[in-house]
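Taking it in order: structure first as structure tokens, then the write-up.
Throughout, protein chains are lettered first and strands after them, A, B, ... in sequence-line order, and every chain is numbered starting at 1.
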Amino acid sequence: MKDEIDQEEVAKRRGIYFPAFSIYGGSSGLFDYGPYGSLIKDNIQNIWKEMIFSEGPVAMLDSPALTLQNVLKASGHYDRFFDYSVQCKSCNTKFRADDIVESLGLKVILDRDYLNNIIREKGIKCPKCGGEFDDVRIHKLMFQVDQGENMDPLFLRPETAQGIFVNFKEFYRFFREKLPFAVIQIGRGYRNEISPRRGLYRLREFNMMECEVFLDPKDEKWVKEPYDDIKIHYLTNKDEDLFMTPKEAYEKGIIKSQPLAYFTGFAFKFYSRIGLDVNKIRFRQHKKEDLSHYSSDTWDAEALTDIGWIEITGIAHRGTYDVGRHIEYSARDLYAQRLVEPHKEKKIELEPNFKEIKRDFGDKAGEIIKAINNGNSTVFLNNKQISLEKYIIRKEVEVTVDRESFVPIVVEPSFGLDRIIYALLDHNFDKREENGYVYLKIPPQVAPFIAGVYPLFPKEDLEKVAKDIYQKLLNDGFKVIYDDSGSIGKRYARYDEVGVPFGITVDYDTLKDSTVTIRFRDTTEQIRVSINDLTSKLRELLWTGKKN
RNA sequence: GCGAGUGUAGUGUAGCGGUAGCACAGAAGCUUCCCAAGCUUCUAACCCGGGUUCGAAUCCCGGCACUCGCACCA
């Protein structure tokens, strides 16, 4: 974007996006997408969805934003629910309270009173200036929703991914128990950011398009090979700038995981299709010390904008963490299975000794049998602890084993829709050299309307034909807009600014020979086509965006 | 959350104790055979709440928002 174009000013003025609830003063980190912006957002989502469905076995989920506490305990988000901070009274530097305590080798308990006390007792001072600390403050990082007394609160999800992980078994069945497959979800996430700023960059409620790829750790491959027809800028954790295809990156071991390499290519193709300037896109590898504890490798797609390189997508190798944690916390069988060479294995089977149980327990026998089947070694009955050992018959049996269970690993490409829109506008707002007018050169498929229909002058005969054409194009399924106010130049300029790529103008020749002009947003050139050919021409332009 | 600064029509701004002016955008019309032209008319604002004052957009306090630093940041 040219420096002089203020994205937020145009976005606000033209109804692309603007601060939400502004008549009441607004609230930081919340934005509305207006009449043009919401259409652009919708188009981007649909392109993403359409593209990713064509990448292989992909299914979609739509899960609630309100999330059970236990889900977030399992995911680890709950432990990060509170951020404990202390501030130095003299130099105002702020620290994580738990970090300060930990750095002195003291035990950390995530409790406000505990942290407060230990800082007071041990007389911990600011490491920077030696000043005294303020009281420990708590910042909630997730939004909590109360259900009522005596009920656990719900939380607004900080990411859509957990909805997918908890449903792993559902999708495993859907794909008839074969890996790999991917599950996508487009939806909103919520994070109580400490200081949401810079417009769409950091929001409290944000849109994401997430994809969770489930893989067998022994066969960690997506169904398609990494692309070799695109060159991508990779910035490694050793600060090397490399330019190569995803295929090369994988083969040379720059990206060790095949699906990770594959999805950098997918992301790149997606950016290119929606109109991001791919020369301003790079994939930056997280440094070892920045990696989440469960991730072995993460590559963030970043876009260069007026506020610098911003993260627009995270592609993370999450290992077995997600499904593993839900197995642990829910005690459900969320394992996948793989076929192995059939072989015999010796196995001890436990069988209740029905005769003895019946003799000793009579009509309570049922409870004993149940306990044994549950694998218990003792049972509490008639106020007595009873050892079950003597009621169990152990049999050694040989079974044929032809499959084994494992926890699937996850590779997660997670696209931040709002940031993508920010970067898209940044890359595509441009000024005409001759007059300084702003136009938004986004691809026709992303544009809020494919075309505007305009009578050259607000004359009844021209208006009537223009309205007929407008209605015809609507009936043919195009998103078009009609405008007859002001001069023709004004209308062109008006829709250039929100990215409408084509202007269809009805003039006096139209009345004679049933042709109209199509005017191109990016070049301001015009061609003349017959009204009868408009539908096919627009359909063609929707894909090519070019004149011929 | 801290520090500093800033909030005036849709947007950009002027006014800084006497109840708001300009430009662009917007609406209606005239005019124009294609790029925000011109003319006429019109619509439209002092972020919110308190206080001081005869009188507050203007001074003071509190909130909210934005900008820049700091901090935070899967």
Side-chain angles (χ1 to χ4, degrees), chain A residues 6 8-15 18-31 34 75-77 80 83-97 99 128 134-135 137-141 158-159 161 189 191-199 201-202 206 208 210 286 290-295 298 300 307 311 313-316 318 321-322 412 414 416 432 434-439 454-459 462 483 485-497 503-512 516-521 523-526 528:
Chain A
D6 178 347
E8 284 203 31
E9 189 267 322
V10 182
K12 205 194 270 188
R13 183 161 49 77
R14 296 311 317 275
F18 37 80
F21 313 120
S22 64
I23 66 167
Y24 288 104
S27 176
S28 67
L30 299 178
F31 278 82
S75 71
H77 286 96
R80 288 179 281 121
D83 198 25
Y84 297 87
S85 66
V86 280
Q87 191 162 13
C88 170
K89 282 181 184 169
S90 46
C91 72
N92 280 332
T93 312
K94 206 172 160 185
F95 301 90
R96 288 268 300 261
D99 284 352
K128 204 166 150 192
D134 230 335
D135 283 343
R137 280 179 226 190
I138 295 180
H139 187 78
K140 294 180 177 188
L141 299 167
E159 59 180 23
R191 287 184 201 173
N192 190 8
E193 295 289 350
I194 296 172
S195 69
R197 268 191 207 170
R198 294 187 196 276
Y201 179 65
R202 181 166 294 164
F206 51 98
M208 41 194 173
E210 291 198 295
H286 281 205
D290 296 334
L291 282 173
S292 318
H293 60 283
Y294 53 75
S295 179
T298 297
D300 282 346
I307 54 173
E311 180 195 338
T313 297
I315 307 177
R318 301 177 63 118
Y321 178 80
D322 302 292
E412 176 195 76
S414 174
R432 298 207 192 285
E434 61 277 20
N435 50 26
Y437 297 149
V438 173
Y439 65 109
Y454 321 118
L456 185 57
F457 299 108
K459 290 279 189 219
L462 296 180
D483 194 340
S485 83
S487 73
I488 188 67
K490 206 172 220 182
R491 281 171 275 163
Y492 289 150
R494 184 146 52 198
Y495 295 102
D496 284 348
E497 220 171 28
I504 296 165
T505 305
V506 172
D507 57 22
Y508 289 109
D509 288 342
T510 310
L511 302 180
K512 285 183 236 153
V516 292
T517 59
I518 298 180
R519 179 261 192 192
F520 292 77
R521 174 196 68 202
T523 59
T524 76
E525 288 173 311
Q526 298 187 343
R528 203 153 188 107

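If you take NE2 on A/H286 and CD1 on A/I315, they are separated by 10.5 Å, rounding to the nearest 0.5 Å. Between the CZ atom of A/R491 and the CG atom of A/D496 there is a distance of 13.0 Å, given to the nearest 0.5 Å.
For the pair A/H286 and A/G489, both in contact range of RNA chain B, the more 5′-proximal nearest nucleotide belongs to A/G489. Residue whose closest nucleotide on RNA chain B sits further toward the 5' end, between A/E311 and A/D496: A/D496.
Scanning atom types as modelled, no donor and acceptor separated by under 3.5 angstrom connect the side chain of A/Y454 and the base of B/C34. Residue side chain A/D507 reaches the base of B/C34 through a donor-acceptor N/O pair under 3.5 Å, judged by distance alone. In terms of polar N and O atoms assigned as donor or acceptor, the side chain of A/R519 never comes within less than 3.5 Å of the base of B/C34 in a complementary pairing.
Just one residue in the list A/R528, A/K512, A/R519 forms a salt bridge (charged side-chain N to carboxylate O under 4.0 Å, His left out) with A/D507, and that residue is A/R528.
With both ends at atom C1', the span from B/G26 to B/A44 equals 9 Å, rounded to whole Å. Nucleotides B/C68 and B/C54 have their C1' atoms positioned 41 Å apart, rounded to a whole Å. A distance of about 25 Å separates the C1' atoms of B/A20 and B/C61, rounded to the whole Å. For the P atom pair drawn from B/G15 and B/U8, the interatomic distance equals 14 Å after rounding to whole Å. Using C1' as the reference atom, B/G12 and B/A45 are 13 Å apart when rounded to the nearest Å. Spacing between B/G51 and B/A9 at atom C1', rounded to whole Å, works out to 28 Å. Comparing the C1' positions of B/U13 and B/G1 gives a spacing of 33 Å, expressed to the nearest Å. With C1' as the reference atom, B/C48 and B/C73 are 31 Å apart, rounded to whole Å.
In this structure, A/I23 places its CD1 atom 13 Å from P of B/C46, rounding to the nearest Å. Whole-Å rounding puts the A/E9 CD to B/G10 C1' distance at 10 Å. The nearest whole Å value for the distance from the CZ atom in A/R432 to the P atom in B/C35 is 13 Å. A straight line from CZ of A/R521 to P of B/A36 spans 18 Å, rounded to a whole angstrom. A/N192 has its CG atom 11 Å from the C1' atom of B/G1, to the nearest Å. Summarising the geometry, the separation between NZ on A/K12 and P on B/A9 is reported as 10 Å, rounded to the nearest angstrom. A/K459 has its NZ atom 7 Å from the P atom of B/U32, to the nearest Å. If you measure from atom CG of A/N435 to atom P of B/A37, you get 11 Å, rounded to the nearest angstrom.
Using a 4.5 Å heavy-atom cutoff, the side chains of A/P19 and A/K12 are in contact. Residues A/R202 and A/R191 have side chains not in contact (no heavy-atom distance under 4.5 Å, counting atoms from C-beta outward).
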Let me have a per-nucleotide readout for nucleotides 61-68 of chain B, 5' to 3', with B, S or -, counting only protein heavy atoms under 4.0 Å.
-> ---SSSSB

Reading nucleotides 21-28 of chain B 5' to 3', which nucleotides get B (base under 4.0 Å from a protein heavy atom), which S (sugar-phosphate only), which -?
-> ----SSS-

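Between A/Y508 and the phosphate of B/C33, there is no side-chain N or O to OP1/OP2 separation shorter than 4.0 Å. Look at A/S487 and you'll find a side-chain N or O under 4.0 angstrom from OP1 or OP2 of B/A37.
As the counterpart of B/A23, B/U11 is assigned, both hydrogen-bonding distances of the Watson-Crick or G-U wobble pattern falling under 3.5 Å. Remark: B/A44 base-pairs with no nucleotide; criterion is Watson-Crick or G-U wobble with both hydrogen-bond distances under 3.5 Å. Base pairing of B/A71: no nucleotide in any strand meets the Watson-Crick or G-U wobble criterion (both distances under 3.5 Å). When Watson-Crick and G-U wobble pairs are counted only if both distances are under 3.5 Å, B/U53 pairs with no nucleotide at all.
Side-chain contact annotation: A/T505 with A/Y492, donor-acceptor N/O pair under 3.5 Å present. Of the N and O atoms on the side chains of A/T298 and A/D300, not one donor lies less than 3.5 Å from an acceptor on the other residue.
More than 12 heavy atoms of other residues, nucleotides or ligands sit less than 6.0 Å from atom OH of A/Y508.
With hydrogens and angles disregarded, a donor-acceptor distance shorter than 3.5 Å links the side chain of A/R14 to the backbone of A/R494. Between the side chain of A/R521 and the backbone N or O of A/G503, no donor-acceptor pair lies under 3.5 Å. Within the 3.5 Å criterion, the main-chain N or O of A/E311 finds no donor-acceptor partner in the side chain of A/Y201.
Counting non-hydrogen atoms under 4.0 angstrom, A/E210 reaches nothing in the nucleic acid. At the heavy-atom level, A/Y495 lies nowhere under 4.0 Å from the strands shown. Within the 4.0 angstrom heavy-atom criterion, no nucleotide atom of any strand lies near A/P455.
For the pair A/R432 and A/Y439, the cation sits on the ring face: its NZ or CZ lies under 6.0 Å from the ring centre, inside 45° of the axis.
For A/Y437, the side-chain atoms get nearest to B/A36 when compared with the rest of B/U11, B/U31, B/A36.
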